[in-house]
Amino acid sequence: MGGARGRRPCHRGSDWAAGTTLGAVIESYDPHAIEARWLARWDGATLRRDGAEKRYVLTMFSYPSGDLHMGHGEVFAIADAWARFTYMRGYDVLFPVGFDSFGLPAENAAIKRGADPVTWTYANIRTQSDSYRRYGMAADWSTYLATSDPEYYRWTQWLFLRLFEKGLAYRRESAVNWCPQDQTVLANEQVVQGHCERCGTLVTKRTLTQWYFKITEYAQRLLDDMDQLQGRWPESVLAQQRNWIGRSEGAYVDFAVEGRDEPVTVFTTRPDTLYGATFFVVAADAPLAAELVTGEQRPAFEAYREQVAALTEIERQSTEREKTGVFLGRYATNPLSGERIPVWAADYVLAEYGTGAIMAVPAHDQRDLDFARAFDLPVRVVVETGEPDPAETGVATAGDGVHVNSGELDGTGKADGVAAAIAHVEQAGTGRGTVIYRLRDWLLSRQRYWGAPIPIVHCPTCGEVAVPDDQLPVLLPPTTDVDLTPKGTSPLGTATEWLQVECPSCGGPATRDTDTMDTFVDSSWYYLRYCSPGRTDVAFDRADLDDWLPALPYIGGKEHTILHLLYSRFFTKALYDLDLVGVTEPFAQLVNQGEVINQGRGMSKSLGNGVDLGGELETHGVDAVRVTMLFASPPEEDVDWADVSPAGAGKWLKRVWQLAGDVGSVDGRAVDPATERAAAHLIDETTGHMVEHRFNVAVARCMELTNLLRKAHDAGHDARPGVEALVRMVAPFAPYTADEAWERLRCEGWATRADWPTADPALLVVDSVTCVVQVGGKVRARLEVAPQIGEDALREQALEAATEWIGGREVRTVVVRAPKLVNVVLV
RNA sequence: GCCCGGGUGGCGGAAUGGUCUACGCAGCGGCCUUAAAAGCCGUGGCCCGUGAGGGCGUUGUGGGUUCGACUCCCACCCCGGGUACCA
């Protein structure tokens, strides 16, 4: 299936390059001719070099749904410039390429238009690969992979089995998110405000037996290891991941409920407010609620439960809504005070969080207070915060204060009150301190065809049996054997022949698992595979991983802030524990590139403001488009295509090309010392901005250098050393133009493989500095002074220069910051 | 509501305690041209002045620290993104 067809598409020259005679002399700046010429020459060249320090420059790989768009243009321009610069600075650079090629669009195209997912996917991969190469990407095609290749998903299955052996992959029945449109289950992370992240359909709940990865076991490590990422990942990404994991410290407290043998446990972050608990609430949709309701209250409860079930997720989650609930006719006992409090069912308590039941402390929790006021339940202050009485104001007081009406806790503050309360319940055996997380286990089964089959066999006698490693991959059955029509069950179940297998354990008749894996499983380890391309004996080689990991940087969009990054971090840790990987964090630095928008808004079909990347490349050329993306703003910011000028970028590139030609055709000129010094400073500054990936400023400095050298050349000076540096510094942004200009300079080899220029330190030493003389903070004069000038000498000169501005007034003080500034402060 | 990011010319953006607006786009004036495009030169806060020059103002708002603040501190306003009954 597919794999062999998918490997290394378009590795050799493509159609658009045909017809150009190699070596033809190009006389005017014609981007397309230059592109064709150099693309053919670059064929297969990578950024690898032997014996140098290794760097791994990684971009999030793309889903092959059609051709490249403007967003790809942005991320690829950034990544390629970074990778090329890193290489020119002397590193051995791994810059891989691949496709995340399993997933719903292929299958939906199959259902809608009858296209074979295999054919559809690999045709798109070929199109995108062609465009990718044309865009000038210096990627190493020997790393190429597509997650739908059997030789890739074989290892996806292999890794699943390793996690299965460790108990990190398991099956259980539970209520899951279900998308009625896509007819599949969704992970928590794929439900956005109650809707399917992919198609926007309202998500419903279903009770199904599904496969999960035990990511919750890693919750604390996912949190702790963010220390390694602090300052290297965007703060917002770290904040969102912390939020998502949702660590919460508190206590479990057991409440005896009359007429029930077992106590009911609640989770609370405020065990110190136990004496303020005036009622007890159970999630209306939890089985516990139905169990606890007493006979006479049952009709009211059933009516309420139906009313809640009829609400949409959106309605239910609205915080504006009035609190609703129903009394269950039963009472619970406070384990500290012994107080008897009524048990209610309500929908503001969530069945899935904590234990699905809470102790309500209306005085110190806004939600509980709202509920208490709606049902006229008592409000008892147990922490004096100095704020007005919640029962009167309707505003709960959550701050610190002194405990009152709290028995043994009286007089304590919030922190020691919490500790004391935990100590008391632990001693009494009715509770314990704990930490809980919002994070749920990762639901990985999908009832769809176009994904990696889960390598498990269900045997009536042996149960869940792993497919032996030597029988991997479990190949997808051909589409001709499968009914792809969505019907809520796995399409693989209709492949009758494929389904029936011998149990690997007992040899009896058994059936295959019919679910496929979430495509986020595929993308949780591809960056490992890239390090050991083409290996058929292992998923990846530990020595290769030790060479390359972690990736520095990882470049991609904000849409993967939680999903992909959290899953990949989990995988890396799980594989670290299996001793398969040597690092605990795969991505040492994360860059979220901005989006390409148009007229202030995201491009979309409905707005009709889309810009076609192919069209822009046709009009302006690859280099001009790349430079436009990079020059517009820092990588993290959005680029509004209505505000930028690819034509302007093209003009600059043409001037570089022209200058290289002019300089290349003259000899025997002398270098102008002033130009030389100015150029050295610009080279130095450009390098500094590149290191900090401020590509927009680096381009600006290159433009200044172009202007400077043009003037020098026109004045009859030798601009060659400067232009040779300039052309090399342009190479990461505009590789085609740089290599062409390099040739016009009559230089050896390629600019794109030359060393990054360095400024002669002797030229960076300044022999004269402009000193600003301020009077009362205003610039009044400028002096040319030696950089080593002493404070006293400078003060003297400055006072003289400022005499006119001082005008005989009394000088209070003179601030001297030699050699750059003197400020004369008047009384 | 909470969390994160941001507010500098007509526009994208430079500048992280010391000359605000680098570089570019757009505009305006000029050269070249029969004309246009392209290219090149000049110009870029406001006011006065033919000019040299001078006066005033200026980084969302208000305050503070400092000889000096886009930059640091406090309060607020606005914009963008994320998240939301998580006990």
Side-chain angles (χ1 to χ4, degrees), chain A residues 192-193 234-244 246-248 250-251 253 266-271 273 277 281 283 316-321 323 346-350 352-361 364-368 370-371 398 436-440 558 561-562 592 595 600 627-628 631-634 636-649 651-652 654-655 658 682 685 689 694 696-707 710 714 770-782 811-817 820-826:
Chain A
V192 179
Q193 296 184 327
E235 193 50 48
S236 67
V237 174
L238 294 175
Q240 283 178 61
Q241 290 219 354
R242 257 184 223 112
N243 224 336
W244 187 261
R247 180 190 157 96
S248 195
V253 181
V266 301
F267 173 77
T268 176
T269 54
R270 294 294 303 276
T273 61
V281 189
R316 180 174 165 158
Q317 288 178 1
S318 167
T319 43
E320 307 299 305
R321 232 175 96 230
K323 290 281 183 287
D347 65 354
Y348 83 92
V349 172
L350 307 177
E352 317 86 59
Y353 186 75
T355 61
I358 62 156
M359 63 173 203
V361 185
H364 307 298
D365 182 287
Q366 191 59 48
R367 297 155 299 183
D368 296 343
D370 293 343
F371 191 84
I436 68 166
Y437 302 88
R438 204 185 78 128
L439 184 70
R440 292 292 117 80
K558 296 179 189 75
T561 294
I562 297 175
N592 282 148
E595 286 172 54
V627 167
T628 303
F631 182 57
S633 57
E636 300 78 14
E637 298 297 319
D638 289 349
V639 175
D640 193 329
W641 209 247
D643 292 339
V644 297
S645 171
K651 268 198 302 202
W652 171 56
K654 181 179 177 179
R655 299 208 306 127
Q658 185 70 49
L682 286 170
E685 284 177 47
H689 293 303
R694 313 289 294 175
N696 57 327
V697 196
V699 171
R701 294 295 168 266
C702 287
M703 287 173 169
E704 282 182 69
L705 185 56
T706 309
N707 297 340
R710 179 83 246 174
D714 290 350
T770 304
C771 176
V772 175
V773 181
Q774 297 181 333
V775 177
K778 286 188 196 302
V779 181
R780 294 305 190 187
R782 285 158 215 274
V811 174
R812 186 164 73 185
T813 177
V814 181
V815 180
V816 181
R817 288 288 175 273
K820 289 187 72 179
L821 182 132
V822 175
N823 187 11
V824 180
V825 185
L826 302 174

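Keep in mind that what you see is a predicted model, and the values were worked out from it rather than measured. The basis for the numbers below is simple: all heavy atoms, side chains too, and nothing from hydrogens, waters or symmetry mates. Below, read A as the first sequence line, B as the second, and so on, with proteins coming before strands; counting in each chain starts at 1.
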Open item on the list: Of the options B:rG18, B:rA14, B:rG12, whose atoms approach the side-chain atoms of A:Asn823 most closely?
Closed with: B:rG18
Task: Nucleotide nearest A:Gln240 (side chain, heavy atoms from C-beta), chosen from B:rC4, B:rG18, B:rG82 - done: B:rG82
TODO: Rounded off to whole Å, could you give me the CG-to-C1' distance for the A:Asp640 and B:rG12 pair?
DONE: 9 Å
Task: Ring-face cation contact, A:Phe371 with A:Lys323, 6.0 Å cut, 45° max - done: no
Open item on the list: Without decimals, in angstroms, what is the distance between A:Trp641 CH2 and B:rG12 C1'?
Closed with: 12 Å
Open item on the list: In whole Å, measure the gap between the P atoms of B:rA52 and B:rU71 for me.
Closed with: 33 Å
TODO: In whole angstrom, give me the gap between the C1' atoms of B:rC72 and B:rG17.
DONE: 8 Å
TODO: Could you please name the option among B:rG18, B:rC23, B:rC85 that lies closest to any side-chain atom of A:Glu704?
DONE: B:rC23
- [ ] Remember a base hit wins even if backbone is also touched, and classify A:Arg694 as base, sugar-phosphate or nothing at under 4.0 Å, heavy atoms.
- [x] sugar-phosphate
Open item on the list: Categorize A:Asp370 for me: base, sugar-phosphate, or nothing, with a 4.0 angstrom heavy-atom threshold over every strand shown.
Closed with: nothing
TODO: For A:Arg701 and B:rG24, give me the distance from atom CZ to atom P, rounded to whole Å.
DONE: 10 Å
TODO: Please report, rounded to the nearest Å, how far the P atom of B:rC3 is from the CG atom of A:Leu238.
DONE: 17 Å
Open item on the list: Taking only the P atom of each, what is the distance from B:rC70 to B:rG7 in whole angstrom?
Closed with: 14 Å
- [ ] Round to the nearest Å and state the distance from A:Met703 atom CE to B:rG13 atom P.
- [x] 15 Å
Open item on the list: Pick the closest RNA chain B nucleotide for A:Ser236 and for A:His689 by heavy atoms, then say which residue is nearer the 5' end.
Closed with: A:Ser236
- [ ] Report yes if a side-chain nitrogen or oxygen of A:Asn696 is closer than 4.0 Å to either non-bridging phosphate oxygen (OP1 or OP2) of B:rA14; otherwise report no.
- [x] yes
- [ ] Select base, sugar-phosphate, or nothing to describe what A:Pro234 touches, counting heavy atoms under 4.0 Å on all strands.
- [x] nothing
Open item on the list: Using OP1 and OP2 only, check whether a side-chain N or O of A:Asn592 sits under 4.0 Å from B:rG5.
Closed with: no
Open item on the list: If you only use heavy atoms from C-beta on, which nucleotide in B:rA14, B:rC67, B:rG24 is closest to the side chain of A:Val815?
Closed with: B:rC67
Open item on the list: With a 3.5 Å limit on both atom pairs, tell me what B:rC2 is paired to, counting Watson-Crick and G-U wobble, or say none.
Closed with: B:rG82
Open item on the list: Hydrogens and angles aside, do A:Arg655 and A:Asn707 bring a side-chain donor and acceptor to less than 3.5 Å of each other?
Closed with: yes
Task: Separation between the C1' atoms of B:rA69 and B:rG63, rounded to whole Å - done: 14 Å
Open item on the list: With heavy-atom distances below 4.5 Å as the criterion, would you say the side chains of A:Glu685 and A:Glu704 are in contact?
Closed with: no
Open item on the list: How close do A:Ile436 and A:Gly354 get, counting heavy atoms only, and between which atoms?
Closed with: CD1-CA, 3.9 Å
Open item on the list: If you define the side chain from C-beta out and look only at heavy atoms, does anything of A:Thr268 sit under 4.5 Å from A:Val361?
Closed with: no
- [ ] Please tell me which of the listed nucleotides, B:rC67, B:rA87, B:rG12, lies nearest to the side chain of A:Phe631?
- [x] B:rG12
- [ ] Can you tell me the distance, in whole Å, between the CD atom of A:Glu636 and the P atom of B:rG13?
- [x] 12 Å
- [ ] Could you walk me through whether A:Asp370 and A:Tyr348 pass the side-chain contact (heavy atoms from CB on, under 4.5 Å) test, one step at a time?
- [x] CA-CA 11 Å; A:Asp370 293 343; A:Tyr348 83 92; over 6 Å; no
Task: Distance between P atoms of B:rG81 and B:rG45 (Å, rounded) - done: 34 Å
Task: Least distance between heavy atoms, A:Val281 atom then A:Ala360 atom - done: CG2-CB, 4.3 Å
Task: Any side-chain heavy-atom pair of A:Phe267 and A:Thr269 under 4.5 Å - done: yes
- [ ] Please determine, for the side chain of A:Ala239, which listed nucleotide (B:rA22, B:rC4, B:rC85) has the closest atom?
- [x] B:rC4
Open item on the list: Can you tell me whether the base of B:rG17 sits syn or anti, using the 90° cut around 0 to define syn?
Closed with: anti
Task: Separation of B:rC85 P from A:Tyr348 OH (nearest whole Å) - done: 13 Å
TODO: Among the candidates B:rG24, B:rA87, B:rC85, find the nucleotide nearest to the side-chain atoms of A:Asp347.
DONE: B:rC85
Task: Strand partner of B:rU61, provided both Watson-Crick or wobble distances fall under 3.5 Å - done: B:rA75
Open item on the list: Without decimals, in angstroms, what is the distance between A:Arg438 CZ and B:rC85 P?
Closed with: 9 Å
TODO: Syn or anti for B:rG53, please, going by whether the chi angle lies within 90° of 0.
DONE: anti
Task: B:rG9 and B:rU43, which share atom name C1', separated by this distance in whole Å - done: 14 Å
Task: For the student: nearest non-hydrogen atoms of A:Asp368 and A:Met359, plus distance - done: OD2-O, 4.0 Å
Open item on the list: Between B:rC4 and B:rC85, how far apart are the two C1' atoms, rounded to whole Å?
Closed with: 22 Å
Task: First encountered from the 5' end of RNA chain B, between A:Asp643 and A:Asp365 - done: A:Asp643
Open item on the list: Does the structure show a Watson-Crick or G-U wobble partner for B:rC70, both distances under 3.5 Å? Name it, or say none.
Closed with: none
Pick out the pairs of N or O atoms, protein on one side and nucleotides 39-44 of chain B on the other, that lie under 3.5 Å.
none

TODO: Determine the Euclidean distance between corresponding P atoms of B:rG13 and B:rG1; express it in Å to zero decimal places.
DONE: 28 Å
TODO: Write down the atom of A:Val639, the atom of A:Ala632, and the distance for their closest heavy-atom approach.
DONE: CG1-CB, 3.8 Å
TODO: Check every atom of B:rA87, B:rA22, B:rC67 against the side chain of A:Ala700 and return the nucleotide holding the closest atom.
DONE: B:rA22
